[in-house]
Amino acid sequence: NFTIHLQKSLLHLKKEKDFPQVYDKDFLEELIREFSFKPTEIRNPKILSKKDIQSFNENGFLSGIQLFNDDAINDSDMAILDRWILNETITLQKNIQKNYEEYKFHQIMQDIQNFCTIHLGGYYLDIIKDRLYTSKQNGIARRSCQTTCYKILNILNSCIAPILSFTAEEIYKFIPNSKHKSVLLENWPTYDVKISQKELSIANMLFDIRLKIYKKLDDARNQNLIGSSLDATIILHANTKIFTLLKDFKDELKFIFISS
């Protein structure tokens, strides 16, 4: 069936100028899947290549984290932010598995790109950089985000493997304690994370608040009022409910918002 779809898809590319000026095998594979399974919504190849770069960059950051399973820590010792992002990643995996069963490859790529851009690059990875690079090497804080990144990397790499097989294979070579010669021989990761409904509500609230704060910081930066977010002092005005939820994390807010 895939061969038939592929042959039909290539009929859309009648002129040489229709091919993007790139030589990345994974890019062409992803492009073909866009044609094959969503022929009425063909997108500009040049736009697709820019989006793919973001996903590859986040996976590159994650694969650069050296972690061995012996250093992994239990859920109870993990920071709430780490448990939240892991829970979000597990939810993403479940959705992607369902979309694979329904052959919605275009939706899979869109979901991965959005997750890497908004949840990882625009939020989680930006926050944990200080923890990774400046915290005590064997400290709980550093090992918590290392454990999280290790699991996220395994999940994302499994998610992209059927579509971006060449990239997934390259990443797989650098994942510690890989059990097989190829990522395509792996089963789906079966991670689980314990996070209460209250903690989930708090983490979601922090995510939403940070998005709003960063919009304000961008406005201040555009007006040359600040250089970086560290130049800003953030004052939150919250109602009693939100204040009650956030007060236990008051010492962590400056790290989440990356401000003074």
Side-chain angles (χ1 to χ4, degrees), residues 53-93 112-157 159 171 174-177 189 191-196 199-215 217-218 228-232 234 236 246 248-260:
I53 290 173
Q54 181 68 32
S55 300
F56 299 158
N57 283 346
E58 308 312 345
N59 272 337
F61 181 93
L62 292 169
S63 63
I65 298 169
Q66 297 183 5
L67 174 71
F68 300 95
N69 283 339
D70 292 340
D71 295 326
I73 63 174
N74 297 324
D75 290 354
S76 58
D77 296 324
M78 294 173 65
I80 183 175
L81 178 65
D82 298 332
R83 283 181 285 134
W84 173 80
I85 192 64
L86 185 54
N87 182 72
E88 293 291 303
T89 311
I90 292 171
T91 301
L92 173 72
Q93 177 188 329
I112 292 174
Q113 289 162 357
N114 289 340
F115 183 79
C116 289
T117 301
I118 299 172
H119 286 77
L120 291 183
Y123 186 62
Y124 181 70
L125 297 182
D126 196 30
I127 293 172
I128 67 167
K129 286 177 182 176
D130 286 342
R131 259 201 288 165
L132 279 175
Y133 300 139
T134 64
S135 297
K136 183 179 178 181
Q137 184 173 2
N138 295 322
I140 293 296
R142 186 170 186 267
R143 288 169 58 200
S144 176
C145 57
Q146 281 184 313
T147 301
T148 304
C149 288
Y150 179 81
K151 293 179 178 180
I152 291 175
L153 177 60
N154 273 299
I155 291 174
L156 287 181
N157 208 41
C159 289
I171 294 172
F174 295 95
I175 298 179
N177 301 312
Y191 299 125
D192 192 16
V193 61
K194 295 179 181 178
I195 183 169
S196 68
E199 290 174 324
L200 197 57
S201 298
I202 293 172
N204 285 328
M205 184 186 304
L206 289 171
F207 178 71
D208 293 337
I209 291 175
R210 189 178 188 270
L211 291 178
K212 295 177 181 178
I213 287 177
Y214 261 55
K215 185 180 184 304
L217 291 176
D218 282 339
S228 70
S229 59
L230 292 173
D231 296 331
I234 297 171
L236 291 178
L246 293 181
D248 293 336
F249 301 91
K250 61 182 180 180
D251 294 332
E252 301 296 324
L253 294 181
K254 65 180 180 180
F255 299 110
I256 293 175
F257 302 143
I258 313 179
S259 61
S260 57

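For this chain, numbers begin at 1 and follow the sequence in order.
- For the pair Gln93 (side chain) and Cys159 (backbone), a donor-acceptor distance under 3.5 Å is absent.
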| field | Intermediate values then yes/no, side chain to side chain contact (heavy atoms under 4.5 Å, CB included), Val193 and Thr148 | value | CA-CA 10 Å; Val193 61; Thr148 304; over 6 Å; no
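- Asn74 is linked by a side-chain contact (heavy atoms from CB on, under 4.5 Å) to Ser76, Asp77, counting only residues two or more places apart in sequence or in another chain.
- Partners of Ser201 by side-chain contact (heavy atoms from CB on, under 4.5 Å), not counting sequence neighbours, listed by chain and number: Gln197.
- Using a distance-only test at 3.5 Å, with no hydrogens or angles considered, a donor-acceptor pair links the side chain of Thr147 to the main chain of Ile73.
- Shown here are the salt bridge (charged side-chain N to carboxylate O under 4.0 Å, His left out) partners of Lys136, two or more places apart in sequence or in another chain: there are none.
- For Asp218, the salt bridge (charged side-chain N to carboxylate O under 4.0 Å, His left out) partners are Arg221, not counting sequence neighbours.
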| task | Just do the side chain to side chain contact (heavy atoms under 4.5 Å, CB included) check on Phe207 and Ile118 with the steps written out, would you? | result | CA-CA 10 Å; Phe207 178 71; Ile118 299 172; 3.7 Å; yes
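- Remark: aromatic rings of His119 and Tyr123 are distant, center separation not under 6.0 Å.
- Residue Ile90 holds its CD1 atom at 11.0 Å from CD1 of Ile85, rounded to the nearest 0.5 Å.
- Applying the side-chain contact (heavy atoms from CB on, under 4.5 Å) criterion to Asp126, with sequence neighbours excluded, gives Lys129, Arg210, Tyr214, Ile258.
- Taken from CE in Met78 to NZ in Lys151, the straight-line distance is 5.5 Å, to the nearest 0.5 Å.
- Annotation: side chain of Cys145 is not in contact with side chain of Leu81 (no heavy-atom distance under 4.5 Å).
- Tyr150 has its side chain within reach of Ile175: a pair of non-hydrogen atoms, C-beta onward, lies under 4.5 Å apart.
- Annotation: side-chain contact (heavy atoms from CB on, under 4.5 Å) contacts of Ser196 (sequence neighbours excluded): Lys198, Glu199.
- Within the 4.5 Å cutoff, side-chain heavy atoms of Leu156 are placed close to those of Leu120.
- Expressed to the nearest 0.5 Å, how far CZ of Phe115 lies from OG1 of Thr89 amounts to 3.0 Å.
- Remark: the backbone N or O of Leu132 is paired with a side-chain donor or acceptor of Arg142 at under 3.5 angstrom.
- Between Arg131 and Ile128 there is a side-chain heavy-atom pair separated by less than 4.5 Å.
- For the atom pair NZ of Lys194 and CG of Leu86, the computed distance is 13.5 Å after rounding to the nearest 0.5 Å.
- For the side chain to side chain donor-acceptor pair (under 3.5 Å) test, residues two or more places apart in sequence or in another chain that qualify with Ser144 are Asp82.
- No side-chain heavy atom of Phe257 sits less than 4.5 Å from a side-chain heavy atom of Leu217.
- Separation of atoms CZ (Arg83) and CD1 (Ile195) is listed at 5.5 Å; rounding is to 0.5 Å.
- Residues passing the side chain to side chain donor-acceptor pair (under 3.5 Å) test with Asn204 are Trp84, sequence neighbours excluded.
- Distance check: Thr117 OG1 to Ile112 CD1 gives 11.5 Å after rounding to the nearest 0.5 Å.
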| Criterion side chain to side chain contact (heavy atoms under 4.5 Å, CB included) on Ile155 and Leu92, from CA distance to verdict | CA-CA 9 Å; Ile155 291 174; Leu92 173 72; 5.9 Å; no
